Amino acid sequence: MQDQYGREIRDLRISLTDRCNLRCVYCMPEEMVFKPREELLTDDEILTVVRAAAELGVRKIRLTGGEPTVRPNLTDLVRRVAAVPGIQDLAMTTNGIRLAALAQPLADAGLRRVNVSLDSLDAEKFRKITRWGNLQDVLDGLEAVQAAGMLPIKLNAVVVRGFNENDVVPLARLTLTHDWAVRFIEMMPFGSVAGFQQSAYVPSAETMAKIADALGPLHALDVTGHDPARTYRVDGAPGTLGFISSVSQPFCAQCGRLRLTAEGKLRLCLLRDDEADLRTPLRGGATYEEIRERFRAAAYRKPWGHGLARNVVPKQRVMSQIGG
Ligand code: SAM
């Protein structure tokens with residue numbers, strides 16, 4: 001399946017819920033209001049979309065949120081998605097808070113890999129950036145992921161001025177002792193949080209310079225595939241460093257990704273408000289073929305790229321309502 005610009009659509013990110021057990025300052029406002037449960041897609045509705053997507057050529061599914069691990073019956077849903085013919089890779093992006101208990105059951109159900117979001121190794125700063133999170137829960141979760149063999153582990157840190165811009169060095173140092181990919185993400189602006197996001201934005205170039213000052217030169221790696229991260233290694237490190245620079249160095253030309261929001265909107269570009277409603281036809285008696293064709297038609301009109309450089313900022317949703 002290709003879009004109107006000839007980009008192959010291979011990846012679908014599925015938000016399982018807009019709810020989260022944290023309230024990261026860069027992701028959502030503190031007084032966030034969540035959708036009523038009946039507005040979220042059911043497991044069966046998600047499975048219908050996954051089947052259609054896989055038939056059209058999607059090979060990789062990433063489950064996200066909100067926080068995917070707070071969705072009821074998660075392992076059962078993972079087992080069903082993993083069994084859909086054509087799906088070759090099933091991963092999850094999570095804050096890791098619940099992984100100590102869930103990593104092994106999820107691995108047994110067919111989850112291949114997890115990306116864990118971790119913005120600081122300092123317990124106090126971690127609490128401040130997440131508004132109430134307990135760092136030790138995430139560290140226990142990482143141990144459980146390692147034990148369950150869902151490798152390689154990827155850690156994602158959003159860099160936020162005034163919160164964690166100096167924590168990038170301790171995080172990068174993890175690559176000296178662990179075979180992990182530690183990735184630093186430029187903060188993107190969304191909806192009601194956009195003002196804060198733009199004022200506390202830290203460009204990747206600054207983060208890279210800080211890490212190189214502390215750990216020595218970063219050697220670029222020639223990584224194939226469609227990873228949005230530019231990847232490096234410091235001398236002697238088993239792990240790698242990645243920089244996802246959606247603001248300063250957009251990678252729209254290589255983007256083959258669509259997102260399904262928890263309430264069934266197919267979002268065609270993370271940073272644009274264009275969406276196609278799949279829930280209405282799913283609940284309105286559309287046939288499976290009609291759903292599949294609606295998916296194909298929406299994918300075709302995926303916009304070329306985001307408009308941040310011209311100050312076009314998505315207005316309708318914050319990140320937790322899209323699925324990062
Ligand atoms: N709750 C899960 C987690 O924490 O990984 C999954 C959902 S979260 C929205 C997915 C990813 O989006 C996380 O790595 C988070 O740090 C990132 N994120 C949230 N808001 C962002 C923003 N404004 N700019 C860049 N990344 C953001």
Side-chain angles (χ1 to χ4, degrees), residues 11 13-30 32 34 61-71 74 91-99 102 106 111 113-120 126 129-135 137-138 141-142 145 153-161 163-165 167-168 171 181-204 207 228-229 242-251 257 259-262 267 269-271 306 308 313-315 317-324:
D11 296 0
R13 298 194 165 204
I14 302 177
S15 173
L16 298 184
T17 173
D18 60 336
R19 284 161 204 267
C20 191
N21 44 6
L22 299 178
R23 294 286 183 281
C24 299
V25 291
Y26 52 76
C27 191
M28 61 173 114
E30 190 166 11
M32 189 73 198
F34 298 111
I61 302 279
R62 174 171 296 280
L63 303 176
T64 179
E67 173 50 38
T69 61
V70 304
R71 182 167 173 120
L74 176 66
M92 180 179 285
T93 298
T94 166
N95 59 31
I97 294 284
R98 302 199 65 212
L99 281 180
L102 282 176
L106 287 172
L111 190 70
R113 286 172 303 105
V114 288
N115 287 6
V116 177
S117 303
L118 177 57
D119 301 319
S120 176
F126 180 81
I129 207 161
T130 58
R131 292 199 176 101
W132 61 60
N134 176 13
L135 174 65
D137 292 341
V138 184
L142 285 169
V145 173
I153 294 179
K154 289 185 184 172
L155 291 188
N156 288 336
V158 177
V159 188
V160 189
R161 194 167 315 282
F163 282 86
N164 69 340
E165 80 263 44
D167 297 53
V168 298
L171 283 166
V182 177
R183 294 134 41 106
F184 298 95
I185 303 177
E186 284 181 346
M187 185 163 50
M188 294 172 279
F190 294 92
S192 59
V193 206
F196 164 74
Q197 287 157 334
Q198 283 167 321
S199 64
Y201 160 77
V202 179
S204 291
T207 301
F243 298 88
I244 301 180
S245 315
S246 324
V247 181
S248 67
Q249 283 189 273
F251 36 85
R257 192 171 288 163
R259 290 176 165 82
L260 183 67
T261 72
R267 188 156 172 116
C269 164
L270 173 60
L271 286 154
H306 68 65
L308 293 184
V313 170
K315 295 269 188 297
R317 298 173 186 275
V318 292
M319 188 70 151
S320 63
Q321 297 167 312
I322 302 171

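Note that the structure is a prediction, hence the values are computed from the model and not measured. These numbers come from the heavy atoms of this one structure, side chains and all, not from hydrogens, waters or symmetry mates. Order of appearance sets the numbers: ligands from 1, and atoms from 1 within every ligand.
In terms of modelled atom types and a separation under 3.5 Å, the side chain of Arg23 and the main chain of Cys20 share a donor-acceptor contact. Side chain of Arg13 to backbone of Gly324: a donor-acceptor contact under 3.5 angstrom is found.
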Do any nitrogen or oxygen atoms of ligand 1 lie under 3.5 Å from a protein nitrogen or oxygen, and which ones?
| from | atom 1 | to | atom 2 | distance (Å) |
| --- | --- | --- | --- | --- |
| ligand 1 | 1 (N) | Gly66 | O | 2.8 |
| ligand 1 | 1 (N) | Glu67 | OE1 | 2.9 |
| ligand 1 | 4 (O) | Ser117 | OG | 3.3 |
| ligand 1 | 5 (O) | Thr94 | O | 3.4 |
| ligand 1 | 5 (O) | Ser117 | OG | 2.5 |
| ligand 1 | 14 (O) | Ser117 | OG | 2.8 |
| ligand 1 | 16 (O) | Tyr26 | OH | 3.1 |
| ligand 1 | 23 (N) | Tyr26 | O | 3.1 |
| ligand 1 | 23 (N) | Met188 | O | 2.8 |
| ligand 1 | 23 (N) | Gln197 | NE2 | 3.1 |
| ligand 1 | 24 (N) | Met188 | N | 2.8 |

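In terms of the side chain to side chain donor-acceptor pair (under 3.5 Å) criterion, residue partners of Asn156 (sequence neighbours excluded) are, by chain and number, Arg183.
For the atom pair Leu106 CG and Leu99 CG, the distance stands at 7.0 Å (nearest 0.5 Å).
The shortest distance between side-chain heavy atoms of Gln249 and Glu186 does not fall below 4.5 Å.
Using modelled atom types and a 3.5 Å distance limit, the side chains of Glu67 and Thr94 yield a donor-acceptor pair.
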